[in-house]
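Reading through the structure tokens given below for one structure.
A, B, ... follow the sequence lines: proteins, then strands. Residue 1 opens every chain. Side chains are part of it too, since the values below use all heavy atoms of this structure and drop only hydrogens, waters and symmetry mates.
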Protein chains: 2
Amino acid sequence: MIDSENTAVTGRSPCPVSCSLDLLGDKWTLLVVRDLLLGKKTYTEFLKSPEGIPTNLLAERLKRLQAAGIVDKSRYQERPVRHAYHLTEKGRDLRPVLLAMINWGNKYIPGTVTRAQIAAMAPHLVEGE
Amino acid sequence: MIDSENTAVTGRSPCPVSCSLDLLGDKWTLLVVRDLLLGKKTYTEFLKSPEGIPTNLLAERLKRLQAAGIVDKSRYQERPVRHAYHLTEKGRDLRPVLLAMINWGNKYIPGTVTRAQIAAMAPHLVEGE
DNA sequence: TTTAGTAGCTTGCAATATGCAAGTGACTAT
DNA sequence: ATAGTCACTTGCATATTGCAAGCTACTAAA
């Protein structure tokens with residue numbers, strides 16, 4: 001495992017929950033990860049998600065996720081220049097966290113889109129496990 | 001399942017991840033849940049956790065968690081009056097979210113306390129899946 | 001060759017949330 | 001009477017968020 005972007009404990013405590021929250025603990029970061037797991041790739045695609053992330057926060061979160069080695073960015077075409085964001089292995093490994101939230105949300109927040117409904121639209125997020 | 005405290009979707013979107021984050025998406029709430037899963041029960045025990053939650057935020061988070069039906073509060077003794085907080089089933093069902101974060105943190109943030117070390121101190125958080 | 005449009009941002013600023021310290025009220029123990 | 005603990009609340013400075021507007025590079029249409 002390459003360790004370059006895996007910052008060692010610098011946060012509030014050496015608890016893995018606390019350290020994860022130092023990186024991911026806000027209302028937007030994991031929604032960006034969700035969108036990436038759903039196959040969205042570009043800045044404007046993220047902006048179109050129904051929660052409506054403010055554009056400055058999207059830019060800032062993408063930078064932090066890149067700095068943390070969770071996301072990487074590439075040009076996928078020149079003329080006109082277009083960029084694509086992708087999850088690294090470290091980012092894809094957040095899938096169990098999101099799946100646990102989906103299961104919990106479905107069980108306790110009536111009206112949420114179910115895991116089955118998500119599977120129908122976006123099999124790769126939810127299948128297996 | 002009693003449904004009284006399970007507020008239906010009122011948030012940013014009907015996505016279960018987004019709805020979960022509306023409730024839990026900050027740097028402190030899931031640390032309180034962690035402490036409860038570790039068996040801590042009182043206000044002052046939560047304050048002693050190494051991350052050092054500010055006392056006003058602890059009070060506010062406990063109220064929100066109670067309002068959401070994730071935590072309940074009881075007097076466990078009179079003379080002097082003492083209070084204990086406990087997770088409800090809804091709260092205990094957040095365990096998979098925390099376990100997923102522990103696994104991810106252990107894999108990607110060097111120096112975090114491992115699941116095995118946690119198991120040695122607090123078997124009930126971590127044992128079984 | 002102006003004009004309009006899209007992608008991917010940045011900037012400014014008001015509103016909200018957080019962090020810190022100090023204070024409060026009920027109680028007990030000395 | 002004094003000190004100490006538990007469980008908070010209050011005030012205020014600082015940090016983060018949310019909203020709107022602007023900006024740069026590019027393309028496509030008139």
Exercise for review: Report yes or no: is the cationic atom of A:R12 (NZ for Lys, CZ for Arg) closer than 6.0 Å to the six-membered ring centre of B:W28, at no more than 45° off its axis?
Suggested key: yes
Between [X] and [Y], does at least one N-O distance fall below 4.0 Å, as a salt bridge requires?
X     : Y     : value
B:R61 : B:D26 : yes
A:K41 : A:E45 : no
B:D22 : A:K27 : no

Would you kindly give the [atom1]-to-[atom2] distance between [X] and [N], to the nearest whole Å?
X     : N      : atom1 : atom2 : answer
A:D22 : D:dT16 : CG    : C1'   : 15 Å
A:E51 : D:dT17 : CD    : C1'   : 16 Å
B:L62 : D:dT9  : CG    : C1'   : 14 Å
A:L58 : D:dT17 : CG    : P     : 13 Å
A:K27 : D:dT16 : NZ    : C1'   : 12 Å
B:L57 : D:dT14 : CG    : P     : 17 Å
B:Q66 : D:dA7  : CD    : P     : 13 Å

Exercise for review: Using only side-chain N and O atoms of A:R79, determine if any of them is under 4.0 Å from OP1 or OP2 of D:dT27.
Suggested key: yes
Review point. When you check the phosphate oxygens OP1 and OP2 of D:dT16, does a side-chain N or O of A:W28 lie under 4.0 Å from one of them?
Key: no
Point to revise | Start and end of the DNA chain C segment that chain B contacts, any atom under 4.0 Å from a heavy atom | key: C:dT18 to C:dT28
Which part of the nucleic acid, if any, lies within reach of [X] when heavy atoms closer than 4.0 Å are counted: base, sugar-phosphate only, or nothing?
X     : answer
B:R61 : sugar-phosphate
B:T44 : sugar-phosphate
A:F46 : nothing

Revision key, fill the gap. Taking D:dC8, D:dA21, D:dT10 as options, the one with an atom nearest any side-chain atom of A:T55 is D:dA21
Check your understanding: More 5' along DNA chain C: A:V81 or A:A59, using each one's nearest nucleotide?
Key -> A:V81
Check your understanding: For A:R82 and A:K63, take the nucleotide of DNA chain C holding the closest heavy atom to each; which residue's nucleotide lies nearer the 5' end?
Key -> A:R82
Review point. Any side-chain heavy atom of B:C19 within less than 4.5 Å of one from A:T112?
Key: yes
Exercise for review: Please identify each residue that fulfils side-chain hydrogen bond (donor to acceptor under 3.5 Å, both in side chains) with A:T55, with sequence neighbours left out.
Suggested key: A:Y43
**Study point:** Contact summary for B:V126 and B:I118, nearest pair of heavy atoms
**Key:** CG2-CG2, 4.3 Å
